[in-house]
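Let me begin by presenting the structure, written as structure tokens, before commenting on it.
Fair warning: this is a prediction, and the values are worked out from it, not measured in the lab. In each ligand, atom 1 is the first atom listed, and ligand 1 is the first ligand listed.
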Amino acid sequence: MARQKIIIDTDPGQDDAVAILLALASPELDLLGITAVAGNVPLDWTQKNARRVCELAGRPEVLVFAGASHPLKRPLVTAEQVHGSTGLDGPELPEPTMPLQTLHAVDFLIEELLRQPSCTVTLCTLGALTNVALALQRAPEIACRIQQIVLMGGGYSEGGNITPAAEFNIYVDPHAARIVFASGVPLVVIPLDVTHQVLTTRKRMDAIAAIGTPVAWATVEMLDFFERFDVQKYGSDGGPLHDPCVIAYLLQPKLFQGRLCNVEIETGSELTMGMTVVDWWGVTDRPKNAMFMRVVDADGFFRLLTDRLKTL
Ligand code: BDR
Ligand code: CA
């Protein structure tokens, strides 16, 4: 079976970390590299956290690149209130010893997409879209070589989580998101509408803890820390587990349901900055540029995640 080549662009983040673990636990996926971007915490932490997670999974050979330390036009907004000061608060994870690659993440994205056969690489983006937008700006010829971008970001019926209108990843760099959504690359969007259905309930966390491995315990410690902010905010049993949904989509797309529609990014209004304006009902004739997901089989998702974590 041919393995699906992917690059993960990420700002770990506990939920990013679980997404990376899920990818590393999945033999169907060929992880060409991880590109770090500033977001949940500054870049110095996100690139280091990506390496800590690879080492946790016993995969120090994974290539990790550092990318943009700031959004294209706006000052960086971070989310230590959710993720802790390191971005990966919860378990005690050692300082990484595997190297950070010297190549800039944007150069890696461009070089790798030009090196691989056209339309064989999927970008999985779990943070702000700054690295991808910079690559598209610098080398527009890569757009038609990207198989698809599967991204966690945006919201429609759920509104926003950092402002009433905007989801965090899009809000951090709305100008980058605008470039990506206008690029013509096939997009699959996993928004809050989906991730708010994927809750880290006690029962689901207990099932992961019962695996009884260091990876499983670290996962539960990360998610226990991560969920406390959202549990208080939403009053739910567990918090939304956003980023692993991107990887789960690649492994089992039938878990998700959505619709191909037009999605535009607001960059003009401070009030609604970073809003994903979703033409769900097709009331405009704007081009349908994104498969926008709305529904997920959450039990199926956690079955997949738990089974895969057993292999690490
Ligand atoms: C997104 O924002 C980040 O805090 C999470 O890692 C996720 O990518 C959810 O809005
Ligand atoms: Ca993230």
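Contacts of Val82 with ligand 1, taken as heavy-atom pairs under 4.0 Å, are absent altogether. Contact annotation: for Thr195 versus ligand 1, there are no heavy atoms closer than 4.0 Å.
A distance of 10.5 Å separates CG in Asp44 from CG in Asn49, rounded to the nearest 0.5 Å. Note that OG1 of Thr46 and CG of Asp11 are 6.5 Å apart. Values are rounded to the nearest 0.5 Å.
Within 6.0 Å of CG on Leu271 lie no more than 12 heavy atoms contributed by other residues, nucleotides or ligands.
Asp11 contributes atom OD1 as its closest N/O/S atom to the Ca ion (ligand 2). Of all N/O/S atoms in Asp243, OD2 sits nearest the Ca ion (ligand 2).
Not a single N, O or S atom of Asp15, from either the backbone or the side chain, sits less than 3.0 Å from the Ca ion (ligand 2). Not a single N, O or S atom of Gly39, from either the backbone or the side chain, sits less than 3.0 Å from the Ca ion (ligand 2).
In summary, the atoms of ligand 1 found under 4.0 Å from a heavy atom of Met152, numbered by their order in the structure, are 1 (C), 7 (C), 8 (O), 9 (C). Of all atoms in ligand 1, numbered sequentially from 1 with element shown, those under 4.0 Å from a heavy atom of Asp16 are 6 (O). Listed by number with element, the atoms of ligand 1 under 4.0 angstrom from any heavy atom of Asn161 are 9 (C), 10 (O).
For ligand 1, the polar-atom distance check against Asp11 finds no nitrogen or oxygen pair separated by under 3.5 Å. Remark: ligand 1 and Asp243 share an N or O pair separated by less than 3.5 Å (distance only, no angle test). Residue contacts with ligand 1: Gly127 is placed with no nitrogen or oxygen under 3.5 Å of a nitrogen or oxygen of the ligand (distance criterion only).
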Verdict with supporting geometry, Thr201 and Asp237, side-chain hydrogen bond (donor to acceptor under 3.5 Å, both in side chains) = CA-CA 5 Å; Thr201 62; Asp237 177 10; 4.7 Å; no

query = Is there a side chain to side chain contact (heavy atoms under 4.5 Å, CB included) between His242 and His196 once you walk through the steps?
reply = CA-CA 8 Å; His242 309 282; His196 281 185; 4.2 Å; yes

query = Does the side chain to side chain contact (heavy atoms under 4.5 Å, CB included) test come out yes or no for Arg204 and Leu199, once each step is laid out?
reply = CA-CA 9 Å; Arg204 289 164 174 165; Leu199 297 176; 4.2 Å; yes

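Between the side chain of Arg3 and the backbone N or O of Leu29, at least one donor-acceptor pair lies under 3.5 Å.
The option with the heavy atom closest to atom 2 (O) of ligand 1, from among Phe226, Phe168, Phe229, Tyr171, is Phe168. Proximity annotation for atom 4 (O) of ligand 1: of Ile190, Ile170, Asn40, Asn40 comes nearest, heavy atoms only.
Thr102 pairs by the side-chain hydrogen bond (donor to acceptor under 3.5 Å, both in side chains) definition with nothing, not counting sequence neighbours.
The closest approach between Gln14 and ligand 1 stays at or above 4.0 Å for every heavy atom of the residue.
Using a 4.5 Å heavy-atom cutoff, the side chains of His83 and Phe226 are in contact.
By the 4.0 Å N-to-carboxylate-O rule, Asp307 lies close enough to Lys310 to be salt-bridged with it.
For atom 5 (C) of ligand 1, the closest heavy atom belonging to the protein is Asp15 OD2, 3.2 Å. For atom 9 (C) of ligand 1, the closest non-hydrogen atom on the protein side is Glu167 OE2, 3.2 Å.
Screening Ile247, Thr219, Asp243 for a side chain to side chain contact (heavy atoms under 4.5 Å, CB included) with Val18, the sole residue that qualifies is Thr219.
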